[in-house]
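Here the structure is a predicted model, which is why all the values come from computation and not from measurement.
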Amino acid sequence: MKYQSSDIKQYVQAKEYIDTAILPIIPYSFNTDQDLIQLSTQKELIKLYVNQIEGELKGRVFVLPEYYYLKTDKILEEEKARLKGFVNHINQQPFKYTFLITSDSKMRKIDRDVDAELIWLPGMSAPDLNQQEAQQFIQSQVQEIKMLIQDSWSD
């Protein structure tokens, strides 16, 4: 289920069965044209992964609205605090499991500061997204992420 009106109505009726939250974490920057191109491609890639994961685990996962932050050379303390507050709010809901999905390698350092599991996705360039090999790679990664999430349910 996603954060959209049609799914929210279903979520409200079945929230006791939906115990897993997925939060896409999306960096943005207008510093350089290269940043703009790379980060927008990463956003598309994360959306592709999340949509496929949600489709395969529908009825058990809830995809939250994207969490956006300004990408800098290092993750700022106020950004860590903001993300931690957001995750704490999520964890006060009926979700037992919270996963953060990002392609920003700097976010991996935040993993120990928040009560959620971080899934880091390697980035790809824009032309790569349309190639058949890339689609097969993405699908295999989706299967691995799906197994990771399912493994957490058996703990």
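- For W120, the side chain to side chain donor-acceptor pair (under 3.5 Å) criterion is met by no residue, not counting sequence neighbours.
- Interatomic distance, CG of D104 versus OH of Y28, reported as 13.0 Å (0.5 Å rounding).
- Under the rule for a side chain to side chain donor-acceptor pair (under 3.5 Å), E78 has no partner lying at least two apart in sequence or in another chain.
- For E144, there are no salt bridge (Lys or Arg N to Asp or Glu O under 4.0 Å) partners at least two apart in sequence or on another chain.
- For D151, the CG atom sits in a packed shell: over 12 heavy atoms of surrounding residues, nucleotides or ligands are nearer than 6.0 Å.
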Please report the C-alpha distance between T72 and E79 in whole Å, then the side-chain angles of each, then the deciding distance to 0.1 Å, and finally whether the side chain to side chain contact (heavy atoms under 4.5 Å, CB included) criterion is met. CA-CA 10 Å; T72 56; E79 194 60 57; over 6 Å; no
Verify side chain to side chain contact (heavy atoms under 4.5 Å, CB included) between Q42 and I26, making sure each step is shown before the conclusion. CA-CA 8 Å; Q42 288 179 6; I26 312 290; over 6 Å; no
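- Residues meeting the salt bridge (Lys or Arg N to Asp or Glu O under 4.0 Å) test with K146, sequence neighbours left out: E56.
- Note that CG of L36 is 9.5 Å distant from OG1 of T41, once rounded to the nearest 0.5 Å.
- Under the 4.5 Å side-chain heavy-atom criterion for Ile, Leu, Val, Met, Phe, Trp and Tyr, L39 and I110 are members of distinct hydrophobic clusters.
- No side-chain heavy atom of I119 sits less than 4.5 Å from a side-chain heavy atom of Q141.
- In terms of heavy atoms, S29 sits closest to D35 at OG-OD2, 3.6 Å.
- Of the options I22, V50, I53, a side-chain contact (heavy atoms from CB on, under 4.5 Å) to I145 is made by I53 and by none of the others.
- Taken from CG in L118 to CD1 in I25, the straight-line distance is 6.0 Å, to the nearest 0.5 Å.
- In this structure, T20 OG1 and K96 NZ are separated by 8.5 Å, a value rounded to the nearest 0.5 Å.
- Taking CH2 of W153 as the start and CG of L148 as the end, the distance is 11.0 Å to the nearest 0.5 Å.
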Test V63 against Y3 for side chain to side chain contact (heavy atoms under 4.5 Å, CB included), laying out the working first. CA-CA 6 Å; V63 177; Y3 193 78; over 6 Å; no
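- Minimum interatomic distance between P65 and P24 (heavy atoms only, all atoms of both residues): O-CD, 4.3 Å.
- Scored by the side chain to side chain contact (heavy atoms under 4.5 Å, CB included) test, Q136 finds Q132 as partners (sequence neighbours excluded).
- For K47, there are no side chain to side chain donor-acceptor pair (under 3.5 Å) partners, not counting sequence neighbours.
- N91 pairs by the side chain to side chain donor-acceptor pair (under 3.5 Å) definition with T98, not counting sequence neighbours.
- Looking only at side-chain heavy atoms (C-beta outward), Y49 and V142 come within less than 4.5 Å of each other.
- For E117, there are no salt bridge (Lys or Arg N to Asp or Glu O under 4.0 Å) partners, not counting sequence neighbours.
- Between L100 atom CG and R108 atom CZ the span is 14.0 Å, to the nearest 0.5 Å.
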Please step through side chain to side chain contact (heavy atoms under 4.5 Å, CB included) for the pair K84 and V87, ending with a clear verdict. CA-CA 5 Å; K84 187 174 183 177; V87 169; 5.9 Å; no
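- Side-chain contact between K80 and L83 is absent, with no heavy-atom pair separated by less than 4.5 Å.
- Partners of S40 under the side chain to side chain contact (heavy atoms under 4.5 Å, CB included) rule, at least two apart in sequence or in another chain, do not exist in this structure.
- Screening residues 66-90 for ring pair (Phe, Tyr, Trp, His ring centres under 6.0 Å) gives Y67-F86 as the qualifying pairs, with residues at least two apart or on separate chains.
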Can you give the donor-acceptor pairs under 3.5 Å from side chains of residues 9-19 to other protein atoms, not counting sequence neighbours?
from: D19; atom 1: OD1; to: R60; atom 2: NE; distance (Å): 2.8
from: D19; atom 1: OD2; to: R60; atom 2: NE; distance (Å): 3.2
from: D19; atom 1: OD2; to: R60; atom 2: NH2; distance (Å): 2.8

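- Annotation: salt bridge (Lys or Arg N to Asp or Glu O under 4.0 Å) contacts of K2 (sequence neighbours excluded): none.
- When every heavy atom of F95 is checked against every heavy atom of I90, the shortest pair comes out as CD1-O, 3.7 Å.
- For the pair L45/I138, a side-chain contact is recorded, criterion being any heavy-atom separation below 4.5 Å from C-beta on.
- In this structure, S103 contributes its side chain and P122 its backbone to no donor-acceptor pair below 3.5 Å.
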